[in-house]
Amino acid sequence: MTDLLLPRRCAGCGAPGGDLCRRCRLALRTPPQRIHTRVDPHVPVWSLGAYAGPHRRVVLAMKEHRHLAVRRFLGPVLAAAVTHLQARGELVDAPVLVPAPTRAASARMRGGDPVTDVCAATGLPVSVALRHGRRISDQVGLGAEGRRANLSGALELRRIPAGPVLLVDDVATTGSTLAASSEALFAAGCEVAGALVICHA
Ligand SMILES: [Zn+2]
């Protein structure tokens, strides 16, 4: 409702006028780069940028502020990153995007899971294959080991993705969510080609 009453502002910098200004669109156009997380997810991880500036604010907008227009915009950004990785030969096959699982309660508060929405907006095949099988605590405030313990064995496979998987998440911090995700997929015999995140902390 507030969206209708307030003037639209850029989700990346707050400038009035639209959902995402030209400068922030350009900032998000950076090619994906290989990153290394503290917890090894056993697959290559690529990020579109550091958790700062427009990347950080766009992620916060789509997560915390239920900015649905930004989720739709980020779909093509992610699709372009996949094309980049394929052109560079780092991603060989056409992947099936698998969103990293989110806690159901957070997804409800956020107006649906933002990462799943972004994946759906890429136009690429998506499989919502992973979910939390038991209650887990919020990851915020936990260190790398705590996060790993919190997630260990907590993920369930709802279905087998039809092809090599590219995991997708909004932010990689310790890498524990990606590691738990790839472990659950590997355990089911799936091929995981890598993980792509919008930004890394
Ligand atoms: Zn902006």
Side-chain angles (χ1 to χ4, degrees), residues 10-15 18-64 67-102 113-130 161 163-179 181-182 185 190-201:
C10 169
C13 68
D19 294 319
L20 203 58
C21 75
R22 188 171 175 277
R23 211 167 52 101
C24 290
R25 279 170 198 253
L26 286 173
L28 286 172
R29 220 173 55 171
T30 47
Q33 53 171 310
R34 185 79 190 269
I35 59 159
H36 296 277
T37 49
R38 226 167 342 134
V39 177
D40 179 12
H42 316 293
V43 294
V45 183
W46 299 279
S47 168
L48 299 182
Y51 187 61
H55 288 82
R56 176 176 170 273
R57 294 193 54 170
V58 161
V59 165
L60 288 175
M62 74 170 200
K63 275 171 75 164
E64 313 300 341
H67 201 310
L68 300 182
V70 162
R71 297 181 189 185
R72 285 195 296 275
F73 175 78
L74 283 172
V77 171
L78 227 61
V82 169
T83 305
H84 245 286
L85 292 170
Q86 287 170 325
R88 295 197 320 225
E90 292 175 60
L91 199 61
V92 178
D93 298 308
V96 177
L97 306 187
V98 172
T102 192
D113 173 39
V115 177
T116 301
D117 283 355
V118 170
C119 288
T122 58
L124 299 169
V126 180
S127 175
V128 184
L130 292 165
V165 167
L166 181 65
L167 284 165
V168 177
D169 207 354
D170 46 11
V171 188
T173 45
T174 63
S176 53
T177 301
L178 296 177
S181 300
S182 68
L185 288 159
C190 301
E191 187 191 333
V192 185
L196 178 62
V197 296
I198 296 166
C199 51
H200 61 283

Margin query: Show, in sequence, the C-alpha distance, side-chain angles and deciding distance for Val165 and Val43, and conclude whether the side chain to side chain contact (heavy atoms under 4.5 Å, CB included) test is met.
Written below: CA-CA 11 Å; Val165 167; Val43 294; over 6 Å; no
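- For the pair Trp46 and Leu166, the minimum side-chain heavy-atom distance is below 4.5 Å.
- Looking at Thr102 and Val115, their side chains never come closer than 4.5 Å, going by heavy atoms from C-beta outward.
- When all heavy atoms of Ile198 and Met62 are compared, the pair lying nearest together is CD1-CE, 3.8 Å.
- For the atom pair Leu20 CG and Arg72 CZ, the distance stands at 12.5 Å (nearest 0.5 Å).
- By the 4.5 Å heavy-atom criterion applied to side chains, Leu124 and Leu78 are not counted as neighbours.
- Ala94 approaches Pro164 most closely through the heavy-atom pair O-CG, 3.9 Å.
- Here the side chains of Pro161 and Leu185 are in contact, with some heavy-atom distance below 4.5 Å.
- The CG atom of Leu196 sits 9.5 Å away from the CD1 atom of Ile35 when rounded to the nearest 0.5 Å.
- The shortest heavy-atom contact between Cys199 and His55 is CB-CB, 4.0 Å.
- Expressed to the nearest 0.5 Å, how far SG of Cys10 lies from CZ of Arg25 amounts to 8.5 Å.
- For Arg88, the CZ atom sits in a packed shell: over 12 heavy atoms of surrounding residues, nucleotides or ligands are nearer than 6.0 Å.
- The nearest pair of heavy atoms linking Thr122 to Gly75 is CG2-O, 3.2 Å.
- A donor-acceptor contact shorter than 3.5 Å links the side chain of His200 to the backbone of Gly49.
- The side-chain heavy atoms of Val118 and Val168, taken from C-beta on, include no pair separated by under 4.5 Å.
- Proximity of Val98 to Ser181: side-chain heavy atoms (C-beta onward) are nowhere separated by under 4.5 Å.
- Taking each heavy atom of Ala81 and Pro32 in turn, the nearest pair found is O-CG, 3.7 Å.
- Note that OH of Tyr51 is 4.0 Å distant from CG of Leu60, once rounded to the nearest 0.5 Å.
- For the pair Leu167 and Leu130, the minimum side-chain heavy-atom distance is below 4.5 Å.
- In this structure, Thr30 contributes its side chain and Leu48 its backbone to a donor-acceptor pair below 3.5 Å.
- The shortest non-hydrogen separation linking Leu28 to Leu74 is CD1-CD2, 4.1 Å.
- Going from atom CG of Asp170 over to atom CZ of Arg56 covers 13.0 Å, rounded to the nearest 0.5 Å.
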Next item on the list: Take Asp19 and Phe73 through the test side chain to side chain contact (heavy atoms under 4.5 Å, CB included) and record every step on the way to the result.
Entry: CA-CA 9 Å; Asp19 294 319; Phe73 175 78; over 6 Å; no
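- You'll find the side chain of Glu191 reaches within 4.5 Å of the side chain of Asp93, heavy atoms only.
- Counting heavy atoms of neighbouring residues, nucleotides and ligands inside a 6.0 Å radius, atom CZ of Arg23 does not exceed 12 of them.
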